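The figures that follow rest on heavy atoms only: side chains count, while hydrogens, waters and symmetry mates do not. Keep in mind that what you see is a predicted model, and the values were worked out from it rather than measured.
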Amino acid sequence: MKALVLDIGGVLEYTPATGWAARWEERLGLASGAVEARMADVWEAGALGRIDEAAVRERVALRLGLDTAGLDAFMDDLWAEYLGTPNTELIAFVRGLRGRCRLGILSNSFVGAREREAALYGFDTLVEHLSYSHETGLAKPDPRAYAAVCEALGVRPRDCLFVDDAPPNIVAAEAAGMSAHLFTDNAGTLTRVRAHLYTEA
């Protein structure tokens, strides 16, 4: 059976940069880039599930000197950019494919993403399998991430189309034996998905 696997940020969600980190640096009197410099290892650990949300909050508060109210506001700004807004056209299209092919999500994520995206966008009911890096410990472009999602869906890589907005992830998917499509807009993506499902051998 054919399969479709999609990325989330930049594909199923529109996630333009909001400038939240720079605003916090100005508010806290920090140099440009200081938030990323102080928090890079925490972001990486959260993306691979090495720490939980409570630990993230504790380390953010400690390293940036935030009280509870400040910490809540900081995390709200982080999640506002992370979650973006839904790509309603693509989500509706994918929902309409239920039963016609196997459907999956492969996302480089962060602890807490599953619950928030399920509540806001219903991704837990959109596809059959969600592969979040913070739960699997495997982040794109690691070839094991692609192999794992195909295995979970019970499909061969060559029968799976992967859609992502990051060129390195497209290259890695193709190296793993999958077909791949670089997302730039909905029209081109819908055309490519239909070709994969209904015309490719």
Side-chain angles (χ1 to χ4, degrees), residues 3-13 15 17 20-21 35-64 71 74-75 77-84 91 94 102-183:
L4 172 65
V5 175
L6 304 106
D7 175 42
I8 295 180
V11 178
L12 291 170
E13 295 168 359
T15 54
W20 67 274
V35 167
E36 177 61 27
R38 293 187 187 189
M39 303 308 306
D41 64 319
V42 176
W43 301 156
E44 180 181 3
L48 295 174
R50 295 173 184 157
I51 56 176
D52 60 17
E53 280 196 80
V56 170
R57 289 177 57 86
E58 179 182 333
R59 295 180 195 188
V60 168
L62 179 63
R63 295 185 187 185
L64 298 181
L71 175 61
F74 180 92
M75 296 304 296
D77 285 349
L78 181 156
W79 282 113
E81 178 176 290
Y82 183 101
L83 296 167
I91 290 170
V94 173
R102 306 304 303 272
L103 294 169
I105 280 174
L106 179 59
S107 173
N108 286 358
S109 54
F110 196 71
V111 287
R114 176 186 285 267
E115 297 79 8
R116 288 171 173 84
E117 288 169 337
L120 285 173
Y121 307 135
F123 291 159
D124 56 328
T125 62
L126 181 66
V127 300
E128 301 161 69
H129 178 74
L130 295 93
S131 182
Y132 282 106
S133 66
H134 75 273
E135 296 174 348
T136 66
L138 300 173
K140 299 170 293 186
D142 187 328
R144 296 173 297 172
Y146 304 94
V149 73
C150 289
E151 182 178 356
L153 289 171
V155 297
R156 300 172 297 183
R158 68 185 185 186
D159 292 325
C160 184
L161 174 66
F162 175 66
V163 179
D164 199 292
D165 64 320
N169 296 338
I170 294 296
V171 172
E174 291 174 338
M178 304 167 79
S179 297
H181 173 75
L182 180 66
F183 179 89

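- Counting heavy atoms from C-beta on, the side chains of Val163 and Leu6 come closer than 4.5 Å.
- Counting heavy atoms from C-beta on, the side chains of Leu103 and Leu126 never come closer than 4.5 Å.
- In this structure, CD1 on Ile105 lies 11.5 Å from CD on Glu128, to the nearest 0.5 angstrom.
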Review item, side-chain donor-acceptor pairs of residues 117-124, under 3.5 Å, at least two apart:
residue	atom	partner	partner atom	Å
Glu117	OE1	Tyr132	OH	2.8
Tyr121	OH	Leu83	O	3.0
Tyr121	OH	Gly84	O	3.0

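- For the atom pair CD1 of Ile51 and NE2 of His134, the computed distance is 12.0 Å after rounding to the nearest 0.5 Å.
- Of the inter-residue distances, the one linking Thr136 atom OG1 with Leu130 atom CG reads 11.5 Å to the nearest 0.5 angstrom.
- Atom CZ of Arg144 is surrounded by 12 or fewer heavy atoms from other residues, nucleotides or ligands within 6.0 Å.
- Remark: Asn169 pairs with Lys140, Pro141, Tyr146, Phe162, Asp164, Ala166 by the side-chain contact (heavy atoms from CB on, under 4.5 Å) rule, at least two apart or across chains.
- The side chain to side chain donor-acceptor pair (under 3.5 Å) search around Arg50 returns none, not counting sequence neighbours.
- Applying the 6.0 Å contact sphere to CD of Glu151 captures no more than 12 heavy atoms from other residues, nucleotides or ligands.
- The structure places CG of Asp159 at 12.0 Å from CZ of Arg102, a figure rounded to the nearest 0.5 Å.
- Atom CG of Asp7 sits about 10.5 Å away from atom OG of Ser109, to the nearest 0.5 Å.
- In this structure Arg57 satisfies the side-chain contact (heavy atoms from CB on, under 4.5 Å) test together with Leu71, Asp72, Met75, sequence neighbours excluded.
- The structure places OG of Ser179 at 11.0 Å from CZ of Arg158, a figure rounded to the nearest 0.5 Å.
- For Arg38, the salt bridge (Lys or Arg N to Asp or Glu O under 4.0 Å) criterion is met by no residue, not counting sequence neighbours.
- Under a cut-off of 6.0 angstrom, the local environment of CD in Glu58 is sparse, with at most 12 non-hydrogen atoms contributed by other residues, nucleotides or ligands.
- Taking the six-membered ring for Trp and thresholds of 30 and 60 degrees, Trp20 and Phe74 have ring planes more than 60 degrees apart, a perpendicular arrangement.
- Under the 4.5 Å side-chain criterion, counting only non-hydrogen atoms from C-beta, Leu182 is in contact with Pro167.
- Applying the side-chain contact (heavy atoms from CB on, under 4.5 Å) test to Thr15 and every residue at least two apart in sequence or in another chain returns Glu13.
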